[in-house]
2 protein chains.
Amino acid sequence: MDVTIYQVAERAGVSIATVSRALRGTGPVSAKTREKVLKAVQELRFTPSRLGVSLAEGRHAANGIVFPNLSGPYYTEVLLGYEEVASELGRSVVILSTKGRPNVREAIKELAGRVDGLVVFGSTAPDDLVAELVATGMPLVFISREPMSGADTLRSENVESARRLACHLQGHGYARFAFLGAPHQPGDDISQRWEGVSAVLKDAVEPVLTAEYTVDSGYEAALKLLRGRTRPQALICSDDEVALGALLAAEELGLAVPDDLAVTGWDDIMAARHARPALTTIRQPMRELGARAARALDELIGGVRATSAHQTLATELVIRKSCGEHPQEDPK
Amino acid sequence: MDVTIYQVAERAGVSIATVSRALRGTGPVSAKTREKVLKAVQELRFTPSRLGVSLAEGRHAANGIVFPNLSGPYYTEVLLGYEEVASELGRSVVILSTKGRPNVREAIKELAGRVDGLVVFGSTAPDDLVAELVATGMPLVFISREPMSGADTLRSENVESARRLACHLQGHGYARFAFLGAPHQPGDDISQRWEGVSAVLKDAVEPVLTAEYTVDSGYEAALKLLRGRTRPQALICSDDEVALGALLAAEELGLAVPDDLAVTGWDDIMAARHARPALTTIRQPMRELGARAARALDELIGGVRATSAHQTLATELVIRKSCGEHPQEDPK
DNA sequence: CGCCGGAGTGTAAGCGCTTACACCACCGGA
DNA sequence: TCCGGTGGTGTAAGCGCTTACACTCCGGCG
């Protein structure tokens, strides 16, 4: 910007303190003076410098968020919910995508330096960096990470949801299952999903790795798997994108879904509804996740705790065509 | 943050000027002194305050971007390309979504106050606000807005692409068309697409309004249209989401796509590929759009113009199943 | 032997605000 | 009439940096 509070003060014939008070409504200012100030502000098109304000106030009035990428709808939706609430609370949001970035540590620290608090997706920051951040005392919310002290955590429910899904598939009468997902770390969403699925299906389910959580890697993995001798009857995919890839693979191999093969996803992204057959999947409240993160951060920053430090949000099983035609209702 | 340059200076037994010089590499510092400073920095875990640096340097090292929402993949992809390049250039990105926000003007001004430059999607800011922003002299890049002076503009090609699509459909032998799109303003993407389509198809195409650019409104509009007496043979949709809605409507009415009805989209979002029939559509280089915006802004801020102030990016016609089985090749 | 110039460092003036504190009227009550 | 308040305002001290400028050594040169 250009025009400063000094110019306004001079034009209005008052001191800068008075201008500040008139503008922010702190402290008493006579009606006449206020008017003069406002007039000068108008004429000069004065906007207080954010930098000056922040430096003096000692706060950025901004929040950060760190996510791996935005290609799928998952992070996007969370981000959207986050931005909406953050800006309701008067905070701008600064984003950082770590995908394909060489210097994640630096970038995250840099980001931390320009915000009052940070939301971090579990998968994006290595443990030691997390510890370092926590040590600084900065308000922090982690999404999909194991509860820890020194920071809030937030995630949607996985284990029980996975159980429900597995039971539902069992109800269809399938006996051989595969679980398609990239290598996962202890405590992340995927490993929780696996935990739920394998608890129900026991030996009947086999874990299969994919390279990533993308359509292409889902396609590759499914292709390989389905060409094998003992083809599973149902593919439980760790997310919708992998499932879409599996659908593509099945199509290519001439397998009918769901008659020859059932496929399920996770997240209920947009394409899940439009795929044919439409994907049976588990809907995560992604927007809500973002919104809660923003609120939790705000409380952390403000120092008033109204909500719990560690939240788990409920999910919903969305039954469409890809798991079979006549589902018997979920037994449990 | 907590520890300041003064503490570092004291611990290292030097002045703050020397600390600053040692850290930034401006001005001469003896090896011994540098070492002392770095040691103190380590021990104290000092990180320069972004606010202090910015205030002194007179720059934010941050860019803003204003978009309507993130629900579709279009803005998301642009954002992603933007963030990637911006951060390569050493700039953070601050986002602002205008969807459903009451005080857009204030929000945009506030955003403008915390960045060095702004990317704005054409549809989000009213003309007078645009003028106001331009008047401030702030570096500005508008996406999908008519070229103007005082700011860069960037968009992907529409008119010729629309022509190509229309010709392709004509090649299928269709004679009655409808163009599905929300009310558009002069100069925006949709009106350019309509321009291209109607230039080729003339009276054979009828414009049909949708409430928004969403699956639901596409569905509604298509349902109404397809129930009418003279059903069009091909639906040219203004974007993929509308087209997906149209697909749903056709399915509900028992119309086979593409045998009974051809449908096309625009953007080539993820779901376009996975819909069945897969959508014929026009692929925009969304990521590239964002990347270019970031670079243009950087040049604007730096004052070095390497690229043109007004760019138009080429698109690609992606032919899939939804427009018909045996396309004769595009005549033009 | 006196000077010049450059390396190395410190001092202090900003950058644009907020706000504690001091100050000055002026009013009403004793 | 005097005094304690209080509304209204200015002064100045930060907030955490960067950097122009001044200063001090020293080595090298004439």
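What you see is a predicted model; the values in this text were computed from it and never measured. Protein chains get the first letters and strands the later ones, always in sequence-line order, with residue 1 at the start of each.
- Distance from the side chain of A:Arg21 is smallest to C:dC21 among D:dC17, C:dC17, C:dC21.
- Close to C:dT19, at under 4.0 Å from its OP1 or OP2, lies a side-chain N or O of A:Arg24.
- Neither OP1 nor OP2 of D:dG8 sits under 4.0 Å from any side-chain N or O of A:Thr18.
- For C:dT9, the OP1/OP2 oxygens have a side-chain nitrogen or oxygen of B:Ser30 closer than 4.0 Å.
- In plain terms, the two heavy atoms of B:Asn63 and B:Ala86 that are nearest each other are OD1-CB, 4.5 Å.
- Taking only side-chain nitrogens and oxygens, B:Ser49 never comes nearer than 4.0 Å to OP1 or OP2 of D:dG16.
- With salt bridges taken as basic N to acidic carboxylate O contacts below 4.0 Å, one links A:Arg305 and A:Asp152.
- Dashed line: the shortest gap from a side-chain N or O of B:Thr4 to OP1 or OP2 of D:dG16 is not under 4.0 Å.
- Side-chain N/O atoms of A:Thr33 include one lying less than 4.0 angstrom from OP1 or OP2 on D:dT9.
- For A:Pro28, counting side-chain heavy atoms from C-beta on, the closest listed nucleotide (D:dG16, D:dT9, D:dT18) is D:dT9.
- A:Leu51 comes within 4.0 angstrom of no nucleic acid atom, judged by non-hydrogen atoms across all strands.
- For the pair B:Glu57 and B:Arg24, the salt-bridge criterion is met [side-chain N within less than 4.0 Å of a carboxylate O].
- When distances are taken from the side chain of B:Ala56 to each of D:dT18, D:dC15, D:dT9, the shortest belongs to D:dT18.
- Nearest nucleotide to the A:Ala17 side chain, out of D:dC17, D:dT11, C:dC17: D:dT11.
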